[in-house]
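When reading the values below, keep in mind they use all heavy atoms of this one structure, side chains included, and skip hydrogens, waters and symmetry mates.
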Amino acid sequence: MPVDISEIAPYNFSIVESQWQNFWLKNNSFHTDVNSSRKKYYVLEMFMYPSGKIHIGHVRNYTIGDIIARFKRARGFSVLHPVGWDAFGLPAENAALKQNGHPKDWTYQNIGIMKKQLISLGFSYDWEREFATCDEKYYGFQQKIFLALHKKGLVYRKKSEINWDPVDNCVLANEQVINGCGWRSGAPVEKRMLSQWFLKITYFVDELLGELDNLNGWPEKVKTMQRNWIGKSEGCSIHFKTNTGDEVTVFSTRPETIFGATFLAISPDHPLATKLAATNEKIKAFIDDFKKGSVAQGVLDKQEKRGINTEIVVDHPLLNKKLPIYIANFVLMNYGTGAVFATPAHDERDYEFAKKYELPMERVITSSENNDKLPYVGDGILINSGFLNGLSIAEAKKIVIQKLCEIGLGKRCEFFRLLDWGISRQRYWGCPIPMIHCDKCGIIPAEDLPVLLPYDVTFSKAGNPLENHGTWKYVKCPRCGNDAIRETDTLDTFFDSSWYFLRFCINDSDNENLLEKEDVSYWMQVDQYIGGVEHAILHLLYARFFAKALTECGFINVREPFDNLFTQGMVCNVTYQKENGDWLFPEEVRKKSHDEYEVIATGEKVIVGHLEKMSKSKKNVVDPDEIIKNYGADALRLFVVSDTPPDKDFPWSDEGLEGCWRFINRLWRLFVYAKSSGICAEECSESVQINALAPDIQKLYKDFHRTIKNVTDSLEERSMNKVAAYIRDGVNAVYLLLEKMESNKLVFSVVIRDLVKLFAPIAPHMCEEAWNMLGFKGLVGDSCWPSYKKEYLEISTVELPVQVNGKFRGIINVSVDDAEEVVLEQALHIPTVQKLMAGKSLKKKIFVKGKIVNFVV
RNA sequence: GCCCCUGUGGCGGAACUGGUAGACGCGACAGACUCAAAAUCUGUUGUUCGCAAGGACGUGCUGGUUCGAUUCCGGCCAGGGGCACCA
């Protein structure tokens, strides 16, 4: 006799979960090796910064990855699913300063805490491959990579104006400046000149752009963002000689408007401007003012157009007239050539500038509509343009470039928005740049690799602790033996994260070569990469660059690192605020009436805000540890992939989590009930004879094959929300036939067995326990994934909708193979149909086999 | 300003190549069990008219294609994201 299902004790997740976690860990259950007999599958979630504790966003990211890893493993792939730590970086130094500790201790301590959290979530990692970027072995090898890139000419040094963060006291990459402020500190960025190391990312600009078209497994959104970031512009450069013998080259994407050019504008940073400033007080004052103002505010876009006439002129290349040169604040030195020819009639900025300084405008493009408004930037026909008159913009562009080339002044060319990547950081907690400054030999590679970070540093003095260290930087020059000084800058941590996925490919702890070519070519590319869309540009572009650069250097042989990319959405939660704007924790708030909330302690009115990304400052975070303690890891895992598609933002709700916990229990009760009804591994030995089954059991069995298909397909397309829904569907169907279980042991044994397998990627602990309880051998994940029979999916009878004039009017039960006449005859018997057709002539009848009947009257 | 994406019940969201819109879950309501409650199991739940049978409306708005449109095409509106003096 089976037990009473409502009497079954709740699932004891805390015991079961820790028990299986220990088992997996002890037995190294998810260890992987190169295995040529199986197809490989590399799943990777973006590794995390060890900030202290994981948050729900991490849980969602890593759960998606773990579900895929477990699913692929069950489907017979040799799965690489590693984990590591992006462990260098500023916060460690800030924390050390605050707590009077050491960045290294702080970092490794956090890693310990967070590792425990990951284990408590049941993620199926190959822990043997775990490492942190601050491990000596990792950054030591990274120095070799740096030197190889240097040798290849992909690393170079140049003096450049850098973004200086006055709060964090460090240099920022352009990409780390957001609206003129530091990406971490939020402080307005200042400009300074400094010698910096650069990675020549622009060397691969064509490939970085072009290969995007072949990345079919990447979201279109991310590819668009990268294209915009690279920012290719095609056009033509034009060379000018000034009346003072100087030279200016301009770049334009609109060379066909050259007849409308009325002046030239150069950047205040342009060499000619610098030269003029040396002898001209007014120009010097203008440039000085420009540097102060624009940099400090960092708000260039809304800035008023300003400029100064240099009194220098050039010849128009195609007309017999002179064009004055202006120094103008809207021309950027780091784009194009730092100089433009201005056509005020057809460019908004030029127009604004020309209007202010009363410069002439010459209309050269006309269109039928909108004929008098300037500036005109639309399509049209060329006028006032000599040999271009009457041509379309596209034709004129082609011909004018040809002409400019012929007379030797123009050149077809393209420019990119993408700039080389500045990688020097004046910080301690990073990978030391292995270079040595020698007075005699210059700047040369260090030979005493690895150059290790000294532990005994002080953070009390301002500036870089490596710079301040008593002995560390003093070395002998490896070339001449004289006293020399180490480079004290460290590498941008984006450098660390640009190749970590390659390092996971080797598993041999003795191997000094972290990029063992055979292992890398076995595992790469990453088949599924998962992370937040906030890395759409920087990290993902740098990683692509590294794959190309390391291939050029001969380390590896993969030019694109990530075959499929999945960007998951953020986890959001409601926010509560007092009327004065102070944020409140949910537990400080209570519901007063239907739509009013108040502060429990004071009774003040509470404003319920929109869903916002969980953040500590908004007091709307939930702690994964608390959830796991109260509901278990499986419930949390299920919840973060339920309901909402994983690429969309996820709205947190306590009720939703509760519902997942209820479902875990519902399923657990089903398994216990099944066991008590005699469902077990042994019962599965025979194959199900479908025709011998009672109709309802037969339907259940067939429908379950549909469930298997739906779950499998949804997993393949990464629609985890549908996976959860279809599994619930299957479970609901079984529940409705509970009392028939004992008398249909074979069918139910097979169904229950496959249910355990299907749900195991999402809720591995409970399913492992059920698998074991029902007497199945080994780990559930090692058993093969359930398969479905196609013939069970084909439906022989169907509920066919019947329409009159395209409107649904009833349903008939027919066999799929019934002839058209038979079906139509039956459809005409529906009373409503008869009523609607009475007295009308049938104009047309539509019959789509197995789909629809439609009478048009 | 430019580029991209998204609009479906009270809510999160399903819907195969155009073919019964609303799967599954949350919430709500009801029944069973219980002395009672919780838990559990079973139902109902787009709006609206109707006692009912049944009807009307309904996938942001608005046109179009079609026997038939959440799905395809045009125009608009709203929300979100990216870039932004890029020549």
With sequence neighbours excluded, what pairs up with A/S719 under the side-chain hydrogen bond (donor to acceptor under 3.5 Å, both in side chains) test? A/E717
If you only use heavy atoms from C-beta on, which nucleotide in B/rA14, B/rU20, B/rC83 is closest to the side chain of A/K722? B/rA14
Is the phosphate of B/rC86 approached by A/R349 (side-chain N or O, under 4.0 Å from OP1 or OP2)? yes
Using the side-chain heavy atoms of A/I846, tell me which of these nucleotides is nearest: B/rU17, B/rG13, B/rC67. B/rC67
Do A/F650 and A/F639 have ring centroids that are under 6.0 Å from one another? yes
Using atom C1' of each nucleotide, how far apart are B/rA21 and B/rU47 to the nearest Å? 14 Å
Is there a side-chain contact between A/S642 and the phosphate of B/rG12, meaning an N or O under 4.0 Å from OP1 or OP2? no
Nearest to the A/L736 side chain among B/rU20, B/rA87, B/rU42, which nucleotide is it? B/rU42
Please name the nucleotide paired to B/rA28 by Watson-Crick or G-U wobble geometry with both distances under 3.5 Å, or report none. B/rU44
Partner lookup for B/rC2, please. Criteria are Watson-Crick or G-U wobble with both distances under 3.5 angstrom; report none if nothing qualifies. B/rG82
Any A/R417 side-chain nitrogen or oxygen under 4.0 Å from OP1 or OP2 of B/rA87: no
Looking at the side chain of A/F330, which of B/rG27, B/rC83, B/rC85 is the nearest nucleotide? B/rC85
Going by modelled atom types, is there a donor-acceptor pair between the base of B/rG19 and the side chain of A/Q803 at under 3.5 Å? yes
If you compare all heavy atoms of A/L611 against all heavy atoms of A/P651, which two are closest, and at what distance to 0.1 Å? CD1-CB, 3.5 Å
Checking contacts here: which listed nucleotide (B/rC3, B/rA14, B/rC24) is nearest the side-chain heavy atoms of A/R728? B/rC24
Judged by modelled atom types alone, do A/Y335 and A/S233 share a side-chain donor-acceptor pair under 3.5 Å? yes
OP1 or OP2 of B/rG68 under 4.0 Å from side-chain N/O of A/N805: no
Counting only Watson-Crick or G-U wobble pairs whose two distances fall under 3.5 Å, which nucleotide matches B/rG7? B/rC77
So, are A/K223 and A/D213 salt-bridged, with charged N and O less than 4.0 Å apart? no
B/rG55 phosphate, OP1 or OP2: any side-chain N/O from A/R809 under 4.0 angstrom? yes
Nearest to the side chain of A/N732, heavy atoms from C-beta on, is which of B/rA87, B/rU20, B/rC24? B/rC24
Taking OP1 and OP2 of B/rA39, is either one under 4.0 Å from a side-chain nitrogen or oxygen of A/R666? no
Nearest-nucleotide pick for A/R662, side chain only, options being B/rC26, B/rG19, B/rC67: B/rC26
Is the glycosidic torsion of B/rG82 within 90° of 0, making it syn, or is it anti? anti
Please determine whether any donor N or O and acceptor N or O are separated by less than 3.5 Å between the side chain of A/N854 and the base of B/rC67. yes
When you measure from the side chain of A/K807, which nucleotide among B/rC57, B/rC67, B/rG27 comes out closest? B/rC57
For atom OH of A/Y735 and atom C1' of B/rU42, their distance in whole Å: 12 Å
Span that lies between the C1' atom of B/rU45 and that of B/rC26, in whole angstrom: 13 Å
